[in-house]
Amino acid sequence: MKFYKYQGTGNDFVMIDNRNQTFPKEQKYIERLCNRRFGIGADGLILLEEDHTADFRMLYYNSDGNESTMCGNGGRCIVAFAHFLNIFEHKTTFNAIDGLHEAEINNGLIKLKMIDVQEIKTDGEAFVLNTGSPHFVKYVQNLEGYNVFQNGYNIRNSKTYQKEGINVNFVEELEGNARLFVRTYERGVEDETFSCGTGATAAALTYIQQHKVAAIEVKVLGGNLKVYAEQYGSSFQNIWLEGPAQQVFCGEINE
């Protein structure tokens with residue numbers, strides 16, 4: 001079975017063309033493939049499958065082997081993969097667990113349309129919202145030296161969020177107009193990742209709500225992303241996540 005390895009701002013994925021439905025969707029098997037010591041190594045595994053209402057379907061699994069909610073960087077990576085497979089030229093639509101997504105590719109940058117966000121709730125001084133996956137957003141100082149793993153672990157496993165789990169984003173405003181630095185502890189990975197697309201989107205929306213801007217640059221450990229959105233009252237529409245996605249290598253699984 002052939003596989004491809006993709007990364008989007010350091011968020012890495014095992015990518016498989018499963019249009020022939022031959023991949024065994026077993027939790028332990030997927031977990032082993034994502035293991036960085038005993039498998040290929042990745043934050044998650046993504047299957048590209050046939051879809052009757054769009055160009056293709058995306059199935060996303062966390063590195064623990066469980067099917068998960070939407071992954072923004074994974075969405076950008078599967079768009080790059082579908083382009084590599086000649087499924088589309090410049091613009092495409094695909095279905096994911098949270099519904100239909102539009103996307104386009106220009107000069108190596110993937111622009112992915114995210115789901116609408118109806119509201120941003122608060123938890124103390126932090127924000128809680130769903131951008132395809134549930135996110136907790138907290139603004140902090142000196143994020144570079146912040147203990148993201150321990151603080152993220154504590155929030156994700158608190159009584160409020162332990163059962164369903166939540167991704168925890170720590171955010172620092174950077175100098176200049178509409179620029180953020182975001183670090184994320186991801187559920188399912190149960191660790192900090194180099195980037196989280198839905199997390200960057202969530203953080204950006206909290207900033208857009210407060211500062212009434214239409215676009216914002218987001219720095220993550222693995223690079224830079226850009227988020228665009230239109231605010232209508234307490235809701236957000238036409239949300240786009242833009243950034244690079246790259247094929248790193250390919251190989252064969254012999255088991």
Side-chain angles (χ1 to χ4, degrees), residues 8-9 11 60 68-76 79 96-104 109-141 143 146 148 152 155-156 160-161 164-187 192-243:
T9 53
N11 217 183
Y60 172 66
S68 188
T69 46
M70 181 58 185
C71 175
N73 287 326
R76 293 189 306 100
V79 170
I97 194 167
D98 61 341
L100 187 70
H101 290 267
E102 300 173 43
E104 55 189 65
L109 289 178
I110 311 294
K111 198 171 180 181
L112 172 67
K113 190 173 185 182
M114 310 295 284
I115 64 166
D116 294 345
V117 172
Q118 300 307 318
E119 64 175 337
I120 298 177
K121 298 178 181 179
T122 56
D123 181 349
E125 295 182 351
F127 302 92
V128 178
L129 62 158
N130 192 307
T131 53
S133 289
H135 283 277
F136 183 100
V137 178
K138 182 179 180 180
Y139 283 76
V140 300
Q141 299 293 322
L143 182 54
Y146 195 78
V148 169
I155 294 167
R156 181 258 185 268
T160 306
Y161 303 110
E164 297 298 327
I166 199 164
N167 302 288
V168 184
N169 306 273
F170 299 102
V171 185
E172 182 178 17
E173 291 186 39
L174 299 177
E175 290 185 8
N177 292 325
R179 295 180 65 236
L180 295 178
F181 179 26
V182 179
R183 294 175 63 185
T184 305
Y185 178 98
E186 286 198 51
R187 67 171 186 174
E192 181 180 7
T193 56
F194 271 62
S195 177
C196 176
T198 54
T201 303
L205 292 182
T206 66
Y207 185 92
I208 289 169
Q209 182 185 58
Q210 296 175 80
H211 299 276
K212 310 304 179 188
V213 295
I216 184 164
E217 295 179 9
V218 181
K219 172 188 171 185
V220 293
L221 294 180
N224 296 287
L225 297 164
K226 196 165 186 178
V227 177
Y228 308 83
E230 296 174 7
Q231 185 175 357
Y232 297 93
S234 61
S235 66
F236 298 85
Q237 299 174 17
N238 293 319
I239 305 166
W240 292 83
L241 173 67
E242 182 181 63

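What you see below is based on every heavy atom in this structure, not just the backbone, and it leaves out hydrogens, waters and symmetry mates.
Smallest separation of non-hydrogen atoms from D116 and Q237: OD1-CA, 3.5 Å. Residues N169 and N167 share a closest heavy-atom pair of ND2-O, 3.8 Å. Nearest heavy atom pair, residue I216 against residue A178, reads CG1-O, 3.1 Å. Of all heavy-atom pairs between C71 and N11, the closest is SG-OD1, 4.3 Å.
A donor atom on one side chain and an acceptor atom on the other are found under 3.5 Å apart for Y228 and E242. Residues N73 and S195 bring a donor and an acceptor atom of their side chains to less than 3.5 Å of each other.
Proximity of a side-chain donor or acceptor of R183 to a complementary backbone N or O of V148 within less than 3.5 Å is not detected. Put simply, the side chain of H101 gets close to the backbone of K113: a donor and an acceptor are under 3.5 Å apart. With S133 contributing its side chain and M70 its backbone, the two residues share a donor-acceptor pair below 3.5 Å. Looking only at distances, no side-chain donor or acceptor of E186 sits under 3.5 Å from a matching main-chain atom of T193. Panel note: side chain R76, backbone L241; no donor-acceptor pair is recorded below 3.5 Å. No donor-acceptor pair under 3.5 Å is formed between the side chain of N238 and the backbone N or O of A229.
Taking CZ from R156 and OH from Y161, the interatomic distance works out to 12.5 Å, rounded to the nearest 0.5 Å. Here CD1 of I239 is found 8.0 Å from OG1 of T131. Values are rounded to the nearest 0.5 Å. With rounding to the nearest 0.5 angstrom, the CD atom of E173 is 11.5 Å from the CD atom of E175. Considering CG of L180 and OH of Y207, their distance stands at 6.5 Å, rounded to 0.5 Å. The distance from atom CD of E172 to atom CZ of R179, rounded to the nearest 0.5 Å, is 11.0 Å. Taking CG from L225 and OG1 from T9, the interatomic distance works out to 4.5 Å, rounded to the nearest 0.5 Å.
Of the residues N130, T198, T184, T206, the one that meets the side-chain hydrogen bond (donor to acceptor under 3.5 Å, both in side chains) test with H135 is T198.
Summarising the local packing, NZ of K121 is surrounded by 12 or fewer heavy atoms from other residues, nucleotides or ligands at distances under 6.0 Å.
At least one side-chain heavy atom of T69 sits under 4.5 Å from a side-chain heavy atom of P134. With a 4.5 Å cut-off on side-chain heavy atoms, K226 and W240 do not count as touching.
Note: F127 and Y139 have perpendicular aromatic rings, judged against thresholds of 30 and 60 degrees for the angle between ring planes.
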